[in-house]
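Here is the structure we will look at, set down as structure tokens.
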Amino acid sequence: MTFATGVAAQSVRLTGRVLDNAHSPAKGATVTIYPAAKHAMTDAAGHFSFSDLPQGRQQITVNLNGHHPAVLTIDLRKQLIKVNDIILI
């Protein structure tokens, strides 16, 4: 037997851009979201996108060879969130 509560969890779409220390697009950077355990790679313009993320606190980690990892924590509460530029050093 299945019961419906009438409350559906909202999913979140997250977009952003990664730049290198010269403020050029960081093509091919790996962006990981925890605890959602999702991964994406940045495109030629440094953009990344995730969809169907759960609401709540998530950690974003960005890795690119030759740069220090960037780590930030974000609280996903809206359906669409755009992260300001993440700059790798």
Side-chain angles (χ1 to χ4, degrees):
M1 186 179 290
T2 304
F3 295 96
T5 62
V7 177
Q10 296 287 327
S11 65
V12 177
R13 178 174 160 82
L14 174 70
T15 64
R17 184 171 70 156
V18 180
L19 304 174
D20 64 18
N21 56 350
H23 294 260
S24 297
K27 178 184 177 184
T30 302
V31 183
T32 306
I33 305 288
Y34 294 107
K38 293 195 174 196
H39 309 277
M41 291 195 86
T42 57
D43 63 15
H47 293 107
F48 65 88
S49 178
F50 292 93
S51 58
D52 296 326
L53 293 173
Q55 287 187 335
R57 185 174 222 117
Q58 299 285 331
Q59 180 176 298
I60 301 171
T61 303
V62 181
N63 289 292
L64 182 64
N65 286 339
H67 296 17
H68 295 285
V71 179
L72 60 128
T73 302
I74 189 167
D75 195 0
L76 304 177
R77 294 179 187 242
K78 297 179 183 178
Q79 288 182 309
L80 175 61
I81 296 176
K82 182 175 181 184
V83 175
N84 290 333
D85 293 340
I86 300 170
I87 301 173
L88 300 173
I89 55 171

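Everything numeric in this text was worked out from a predicted model, so none of it was measured. Computation of the quantities below employed the complete heavy-atom set of this structure, encompassing side-chain atoms and omitting hydrogens, waters and symmetry-equivalent molecules. Residue numbers run from 1 in the order of the sequence given.
Contact of the P35 side chain with the Q58 side chain is registered, since non-hydrogen atoms from C-beta on lie closer than 4.5 Å. Side-chain contact between T15 and H47 is absent, with no heavy atoms from C-beta onward closer than 4.5 Å.
D75 and R57 make their closest contact through OD1-N, 3.5 Å (heavy atoms, listed as atom of the first residue, atom of the second, distance). When all heavy atoms of P25 and G46 are compared, the closest pair comes out as CB-N, 3.7 Å.
Between the side chain of K82 and the main chain of R17, no donor-acceptor pair closer than 3.5 Å is present. A donor-acceptor pair under 3.5 Å is absent between the side-chain atoms of T30 and the main chain of M41, judged by distance alone.
Interatomic distance, CG of D85 versus NE2 of H23, reported as 9.0 Å (0.5 Å rounding). Separation of atoms NE2 (H67) and CG (N21) is listed at 5.0 Å; rounding is to 0.5 Å. Here R13 contributes atom CZ and Q79 contributes atom CD; the two are 12.0 Å apart, rounded to the nearest 0.5 Å.
Not a single salt bridge (Lys or Arg N to Asp or Glu O under 4.0 Å) links D43 to another residue, sequence neighbours left out. Residues meeting the side-chain contact (heavy atoms from CB on, under 4.5 Å) test with A44, sequence neighbours left out: K27.
Counting non-hydrogen atoms of other residues, nucleotides and ligands closer than 6.0 Å to CD1 of I89 gives a total of 12 or fewer.
The hydrophobic cluster around L53 extends to V12, L14, V18, V31, I33, F48, F50, I60, V62, L64, L72, I74, L76, I81, V83, I86, L88, counting ILVMFWY residues whose side-chain heavy atoms fall within less than 4.5 Å of a member.
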